[in-house]
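Here's the structure we're looking at; comments come further down.
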2 protein chains.
Amino acid sequence: MEPLTGRKAEIVAAARDLLEAGGPEALTMRAIADRLGIQAPSLYKHFPDKDALEAALVAAGFVEQAETFAAVTRSRNPLPALARAYRAWATAHPHLYVLMTSRRLDRDSLPEGVEAAAAAPLLKACGGDPNRARAAWAFAHGMASLELANRFPPDADLDAAWRAGVDALQAPPTTPRST
Amino acid sequence: MEPLTGRKAEIVAAARDLLEAGGPEALTMRAIADRLGIQAPSLYKHFPDKDALEAALVAAGFVEQAETFAAVTRSRNPLPALARAYRAWATAHPHLYVLMTSRRLDRDSLPEGVEAAAAAPLLKACGGDPNRARAAWAFAHGMASLELANRFPPDADLDAAWRAGVDALQAPPTTPRST
DNA sequence: TCATAATGGCTTACGTTGTTAGCCACTATG
DNA sequence: CATAGTGGCTAACAACGTAAGCCATTATGA
C-alpha cells in the first residue's frame with residue numbers, strides 16, 4: 001500500500017475526525033459522508049466496505065506513530081523516553097489507538113515497511129533482542145490499553161507502575177528462574 | 001452483584017456459547033433468544049439492554065478467571081505459572097477475553113471482591129508491590145492481547161517473549177535508571 | 001377462595017446501521 | 001466525436017437493538 005491521495009485521503013481524514021471526536025459509535029458511513037457533503041453510498045466508490053476504510057485509518061495511524069517514535073530514538077537510554085512517547089500517543093488519540101490495536105492486523109493494508117519502522121526504535125533500545133523488545137512492547141500496550149479501558153483502580157499510581165515496568169525490562173536479566 | 005440464577009443465568013450461558021463459537025458478531029439479541037426458543041424482545045424482561053447482558057457475561061468471565069488463577073498460586077515461584085495460566089485462559093476463550101478487556105469496566109456489575117480476588121495471586125507473586133504487580137499484569141495482558149489480535153510477526157517466538165518478560169519482571173530491580 | 005399482582009412470554013413496529021442496485025453527469029482519451 | 005472511466009445520486013433491503021403493548025401462567029394475601 002502506498003500513501004493515500006485525493007478523495008480517499010479526504011475520506012480517511014473525515015473518518016479520523018469523527019472517530020477522535022466521538023468515539024467508535026460516531027464512526028458511521030453516513031456521518032463520514034455528511035461531513036464531506038456527500039451521500040453514504042458514494043463512499044463505496046472509494047472503499048469496498050467500512051472495514052477497508054477503517055483499515056486505511058489504522059494504517060495512517062501506524063505511519064504517524066512510527067514517525068513519533070522515531071523522533072525520540074536519539075536520546076541515550078531511550079527506553080523510558082519511548083515508553084513516555086507510547087503512553088502519550090495512546091492517551092492523545094485514545095479511540096484511534098483502540099481501533100489500531102483491537103482489529104486483527106491485515107498486513108496487506110499497511111504501507112510497506114511501516115511495521116518494521118515502528119518496531120525499530122524499540123528493538124534498538126532493547127539491544128537488538130527481539131524477545132525483550134516484544135516483551136517491552138506488550139508491557140507498554142498493556143499499560144496503555146488497561147488505562148484507556150479504565151481497568152486500574154482509581155487510586156493506582158500509573159506513573160509508578162510504568163516506571164516499575166520500564167526499570168525491570170531495561171535491566172539485563174540477573175536471575176532467570178522461569179524454566 | 002450476587003451470582004446469577006435461573007433464567008438470567010441461562011441467557012448468559014447461551015450468550016457465552018454464541019460468543020465463544022462465533023465471535024462478537026454472532027452475539028446478537030435475536031441469536032441469543034433463538035437459542036433459548038424465545039423471541040428477542042423477551043430478553044428485555046431480564047436485562048435492560050444488550051450492554052447489561054454483556055456486562056453479566058464479562059462478570060462471569062472474571063469470576064471464572066479468578067478461580068483459575070487462585071488455583072495456581074500454591075506453587076513456589078508462582079509468577080511463571082501465573083503467566084502460563086493467564087495466557088492459557090486468554091487463548092482458550094479468545095472472544096470472551098477480548099470482550100472482558102475491551103469494554104470500559106463497570107465496577108457495579110461485578111460481584112463484590114472479584115477484582116481484588118483476581119489480582120491477589122499476582123500481587124502476592126510480586127512480593128506485595130502493587131506497581132510491580134500492575135506492570136506484570138500489563139505485560140501479560142499486552143502479550144495475550146497482541147497475540148489474539150495477530151499483532152506479532154508470524155515468525156515470532158512467543159514462548160521466548162513471555163519468558164523474557166517474566167524473567168525481567170520477577171527479578172528484583174538492580175539498576176533503575178528511569179528517572 | 002378468589003382478586004390481584006408479578007413474571008415472562010408474545011407480536012408488531014420503529015429508527016439506525018452497512019450495503020446493493022441502478023441511473024446519470026462530467027471528464028478524459030482513442 | 002464515440003467511449004470508457006470516475007464519482008456523484010436515489011431508492012431500497014436486511015439485520016440490528018429496542019420500545020410498546022397484549023396475554024397467559026403463577027404466586028400472594030385478604
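To find a chain, count down the sequence lines: A is the first, B the second, and so on, and within it residues start at 1.
- Straight-line distance from the CZ atom of R7(B) to the C1' atom of dG8(C): 9 Å, rounded to whole Å.
- Taking only side-chain nitrogens and oxygens, H46(B) comes nearer than 4.0 Å to OP1 or OP2 of dG9(C).
- Considering only heavy atoms from C-beta on, S145(A) stays 4.5 Å or farther from T101(B) through its side chain.
- Atom-to-atom, CZ of R30(B) to C1' of dT11(C) comes out at 12 Å; the value is rounded to the nearest Å.
- Nearest approach of L43(B) to M29(B), heavy atoms of both residues: CD1-O, 3.2 Å.
- Within the 4.0 angstrom heavy-atom criterion, no nucleotide atom of any strand lies near G6(A).
- The CZ atom of R7(B) sits 9.0 Å away from the OG atom of S42(B) when rounded to the nearest 0.5 Å.
- At least one side-chain nitrogen or oxygen of S42(A) sits closer than 4.0 Å to the OP1 or OP2 atom of dC9(D).
- Heavy atoms only, all atoms of each residue included: C126(A) and L79(A) are closest at SG-CD1, 4.3 Å.
- When rounded to the nearest whole Å, the span between CG of L36(A) and P of dC9(D) equals 10 Å.
- Taken residue by residue, residues 9-28 of chain B places heavy atoms nearer than 4.0 Å to DNA chain D at L27(B), T28(B).
- Residues L82(A) and V166(A) have side chains not in contact (no heavy-atom distance under 4.5 Å, counting atoms from C-beta outward).
- The shortest side-chain heavy-atom distance between N131(B) and R163(A) does not fall under the 4.5 Å cut-off.
- Protein atom NZ of K45(A) is 13 Å distant from nucleotide atom C1' of dT19(C), rounded to whole Å.
- Following rounding to the nearest Å, Q39(B) (CD) and dA13(C) (P) show an atom-to-atom distance of 14 Å.
- Put simply, CG on L43(B) is 10 Å from P on dG17(D), counting in whole angstrom units.
- One can place NZ of K50(A) at 14 Å from C1' of dA15(D), the figure rounded to the nearest angstrom.
- Under the salt bridge (charged side-chain N to carboxylate O under 4.0 Å, His left out) criterion, E115(B) pairs with R107(B), sequence neighbours left out.
- We find that CZ of F47(A) is positioned 12 Å from P of dG8(D), with the value rounded to whole Å.
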